[in-house]
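Every chain is numbered from 1, with letters handed out A, B, ... down the list of sequences. Worth knowing before you read on, the calculation uses all heavy atoms, side chains too, and leaves out hydrogens, waters and symmetry mates.
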Amino acid sequence: MLALDRVSKTYPNGVHALARFSAEIRQGEIVAIIGGSGCGKSTLLRAIAGLDRASSGTVTLDSEAIASPHAKIGIIFQEPRLLPWLSVADNIGFGLADLPATERREKVARALERVGLADKAQAWPRELSGGQAQRVAIARALVPQPEVLLLDEPFSALDAFTRRDLQDHLLDLWADTRPTLVLVTHDVDEAVVLADRVLVMRPRPGRLFDQIEINLGRPRDRNSPLFENFKRSVLTSLDRSLDRSVPDRDATQGPGQAMWW
Amino acid sequence: MISDAPVLQQSSEPAEAAAKPSRLSRYARPMLGILLPLILALGWELVVWSGWSNGRLVPPPSRVFATIAELARSGELLRHIAATLWRVGLGFAFGVVAGTLLGAISGYWSLARRLLDPTVQALRAIPSLAWVPLFILWLGIFETSKIALIAVGVFFPVYLGVMGAILSVDRKIVEVGRIFRLSGPAMIRRILLPAVLPAYVVSLRVGLGLGWMFVVAAELIGASEGLGYLLLDGQQLGKPAQILAAIVIFAILGKLTDWLIEVGSAPLLRWQDAFGRAKET
Ligand SMILES: Nc1ncnc2c1ncn2[C@@H]1O[C@H](COP(=O)(O)OP(=O)(O)OP(=O)(O)O)[C@@H](O)[C@H]1O
Ligand SMILES: [Mg+2]
C-alpha cells in the first residue's frame, strides 16, 4: 500500500504548494488526481517519486519511508524524456543496467513487442512521433516492473486520437502486472476512463478536496450514460473545488461521505 | 555479352537510380567549393604566363608549387612540418587537458565555479600574445615558451565549452538518471558525458583553430625551424613564393587536423539531429 500522511511542501521561495495531503492507495489501484492548474499535483507526484522531499509529512510504500527515488516506484513525465543518444531499445533497457546483457535484451525485446514498436528498436528517439516516443517512455518505466507507476499528465501533449489510443494501451499494459497507478491529469474523460478513484485537489495551498469512486467495470464505454454520469460528478466537484465560497470538506473521512450528488 | 547486359542493367537499375543523386551530390558539392579558388589560380597563372604581370610579389601557383616541391625534395619541408605539428600537438594536448579538467570542475561544482571562474574570465580578457614576453623570460625562447603559448590559446575555448556544456545539461534528463538511481559515477558516464559531447567536440575544434593561430605567432617570434620560420625566412629573404607555400601548407594541415576531429567524433554523434546534413541535401 502507498500511504501519504499529511504531506506538505513549502518551496524555498515561500510558495505553499501542498498542505497536509493524506491518502491511502491500495496495491494495484488506479488513482487519478485532478485539480486546477498550480494546485500542487506535480509537487505531490515528485514527493511520492522521491525526487523532491516533502517539507513535512511522510510517504510510505508498504511501510517503507520514501525520501529518495525507489526501485519499486517509476514515473512517466509529460514529456517522454528519452535519452537522445540511445537507440529506442537502449532507452527501454536504461533501467536494467544491472541485469546480464542477454536477460536485458530479452526483456527489452518483449517490451518493444508489447508497445508495438518492435520495428523501431534501432531507431533514434528523434525519429519517433510524439505518441511513439511516449510509448517508449511507458515501456522504459514498466520494464523494471515497478509496484507503483506515477504519471504526470503523460498524454496531455498528444492529439485526442493518440491520447485515447495510449489510454487504452496503458490499461492493457497495466493488466500484465497490475502496478499501482497514480495519474495526474487535466482531462476528466481520461480520469474517468482509467481510474478506480478520482482525487480532486484544491489550490492555494494544494490540498485534497474530494474523492470520487468510479464504480464502472472494464473495459469502459466512453459513450455509456453511466460514464457520462461519472464525468459529470467529477466536473461538478472540480467546479466546486475552484469556488472559494465552498468550504473544505473533510476528505479523509473517505469515499461515500464525499458523494454528495 | 551484349545479350545479358540488359538483364544485368534491369536488376541493378533501381539501386542505381537511388544511388545516383547521392553519389552525384557527394562529389559535386566539394567540387563547387573548389571552383572559385581554382578559377582565380588559373586566371593568375594565365596573367603571369602571358606577361601582363611579372608575378614577383604575387607568384603564380606553379611557382608556389615548385617551391613546395623543392622544399620537399631537400627534406626541409618535412622537418618544418614535423616541428610545427609537434608544437601544435603538445600545446593542444596540454590546453585540452587543463581546459577539460578545470572546465569540468567549474561546471560540476558550483563552489569551484565561484572560486575559479572569475579568475579564468579575467585572464581570458588578456590578449594571449601579451603573455609572450613573460613566457620568454620564464621559460626561455625555446620550445617550452612556444608550447605554453599554444596551450594558453587552446585552454580558454575548451574550458568555456566544457563548463557551459555541463551547466546547460537538461535538468529533465538528469532527473531520468535520478529516477533510475544512478550513482555519481554512473550519472557522469551515462548522462553527463554523452550530453556534453557535442559541445565538447565543437570546443575542441575551436581550440585547435586557435592552436594553429598561436603556433604561427610563436614561430614568428623566434624559431629556427617550423612553418612559421619559413614565413619569416621568406619575408626576410624576399621569397614570396616560400611564404605562400608555407601558407598553403598551414591551410592544408589546419583543415586536415580539424577533419580528423570531425571524423573521429562522428560515430559518437550519430544520434544528433542532422541539422547541418539535412540542410546540405
Ligand atoms: N521548483 C519550484 N519552486 C518554487 N515554486 C514552485 C516550484 N514548483 C512549483 N512551484 C509552485 O508550487 C505550486 C504548485 O505547483 P505544481 O507544479 O505542483 O502544480 P500543478 O498542480 O502540477 O500545476 P499544473 O496543473 O499546471 O501542472 C505552484 O504555485 C507553483 O508555482
Ligand atoms: Mg504539473
Side-chain angles (χ1 to χ4, degrees), chain A residues 42 45-53 66-99 104 122-128 133 136-146 148-152 157, chain B residues 22 104 107 110-111 114 161-162 164-204 261-281:
Chain A
S42 297
L45 225 55
R46 294 176 62 82
I48 302 175
L51 284 173
D52 293 331
R53 296 196 69 150
I66 305 294
S68 59
H70 192 284
K72 291 181 182 166
I73 303 180
I75 185 166
I76 295 171
F77 300 96
Q78 185 173 359
E79 331 79 31
R81 301 201 186 178
L82 303 182
L83 304 176
W85 52 84
L86 295 182
S87 68
V88 165
D90 288 343
N91 263 289
I92 293 178
F94 189 77
L96 303 178
D98 298 336
L99 293 185
R104 184 170 63 229
Q122 293 315 314
W124 298 114
R126 66 176 153 88
E127 294 165 341
L128 301 179
V136 175
I138 294 173
R140 177 178 65 184
L142 281 176
V143 86
Q145 303 197 333
V148 177
L149 182 61
L150 312 168
L151 304 101
D152 193 353
Chain B
S22 81
S110 62
L111 179 64
R114 264 174 233 130
V162 171
I166 292 179
L167 286 178
S168 61
V169 169
D170 191 354
R171 186 187 56 80
K172 292 181 168 177
I173 279 193
V174 175
E175 257 175 15
V176 172
R178 287 184 57 205
I179 280 295
F180 287 106
R181 303 181 307 142
L182 298 189
S183 62
M187 184 73 98
I188 291 176
R189 186 172 53 85
R190 300 182 66 192
I191 305 268
L192 291 183
L193 278 186
V196 157
L197 198 64
Y200 187 54
V201 170
V202 171
S203 75
L204 286 186
I261 295 184
E262 194 186 338
V263 168
S265 62
L268 298 172
L269 298 179
R270 264 182 317 143
W271 54 271
Q272 272 200 305
D273 261 327
F275 176 64
R277 238 169 295 150
K279 239 178 20 178
E280 272 177 37
T281 42

Asker: So for A:Phe94, is it side chain, backbone, both, or neither that comes closer than 4.5 Å to the heavy atoms of chain B?
Answerer: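 Both backbone and side chain of A:Phe94 come within 4.5 Å of chain B.
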
Asker: Is it true that a side-chain atom of A:Arg126 and a backbone atom of B:Gln272 form a donor plus acceptor pair closer than 3.5 Å?
Answerer: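 Yes, because the side chain of A:Arg126 sits within donor-acceptor range (under 3.5 Å) of the backbone of B:Gln272.
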
Asker: By number, which residues in residues 136-145 of chain A have some heavy atom less than 4.5 Å away from chain B?
Answerer: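 Hits under 4.5 Å: A:Arg140, A:Pro144.
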
Asker: Sequence neighbours left out, cut at 3.5 Å: what donor-acceptor pairs do the side chains of residues 177-188 of chain B make with other protein atoms?
Answerer:
from     : atom 1 : to       : atom 2 : distance (Å)
B:Arg178 : NH1    : A:Leu51  : O      : 3.4
B:Arg178 : NH2    : A:Leu51  : O      : 2.7
B:Ser183 : OG     : B:Ala186 : N      : 3.4

Asker: Please state whether the side chain, the backbone, both or neither of A:Leu86 comes within less than 4.5 Å of a heavy atom of chain B.
Answerer: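 Neither part; nothing is under 4.5 Å.
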
Asker: Considering non-hydrogen atoms only, spot the tightest contact between A:Pro69 and A:Gly50 and give its length.
Answerer: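 That would be CD-O, 3.1 Å.
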
Asker: Return the set of residues passing side-chain contact (heavy atoms from CB on, under 4.5 Å) with B:Glu262 (not counting sequence neighbours), or none when no residue passes.
Answerer: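 side-chain contact (heavy atoms from CB on, under 4.5 Å) check on B:Glu262 returns B:Arg205.
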
Asker: Which one wins on heavy-atom pair count under 4.5 Å against chain B: A:Ala71, A:Ala49, A:Pro125, A:Ser68?
Answerer: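 Highest number of pairs under 4.5 Å: A:Ala71.
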
Asker: Taking all non-hydrogen atoms of both residues into account, name the closest pair between A:Ala133 and A:Leu82 and its distance.
Answerer: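 Here A:Ala133 and A:Leu82 meet closest at O-CD1, 3.9 Å.
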
Asker: Going through the distances and angles, do A:Ile66 and A:Ile48 end up as a side-chain contact (heavy atoms from CB on, under 4.5 Å)?
Answerer: CA-CA 7 Å; A:Ile66 305 294; A:Ile48 302 175; over 6 Å; no

Asker: Under the side-chain contact (heavy atoms from CB on, under 4.5 Å) rule, what do B:Leu193 and A:Trp85 come out as? Steps first, then yes or no, please.
Answerer: CA-CA 11 Å; B:Leu193 278 186; A:Trp85 52 84; over 6 Å; no

Asker: Under 4.5 Å heavy-atom distance to chain B, tell me which part of A:Glu79 shows up: side chain, backbone, both or neither.
Answerer: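 Just the side chain, heavy atoms under 4.5 Å.
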
Asker: Who pairs with A:Ala89 by side-chain contact (heavy atoms from CB on, under 4.5 Å), at least two apart in sequence or on another chain?
Answerer: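 Listed in chain order: A:Ser87, A:Val108, A:Leu112, A:Ala121, A:Gln122.
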
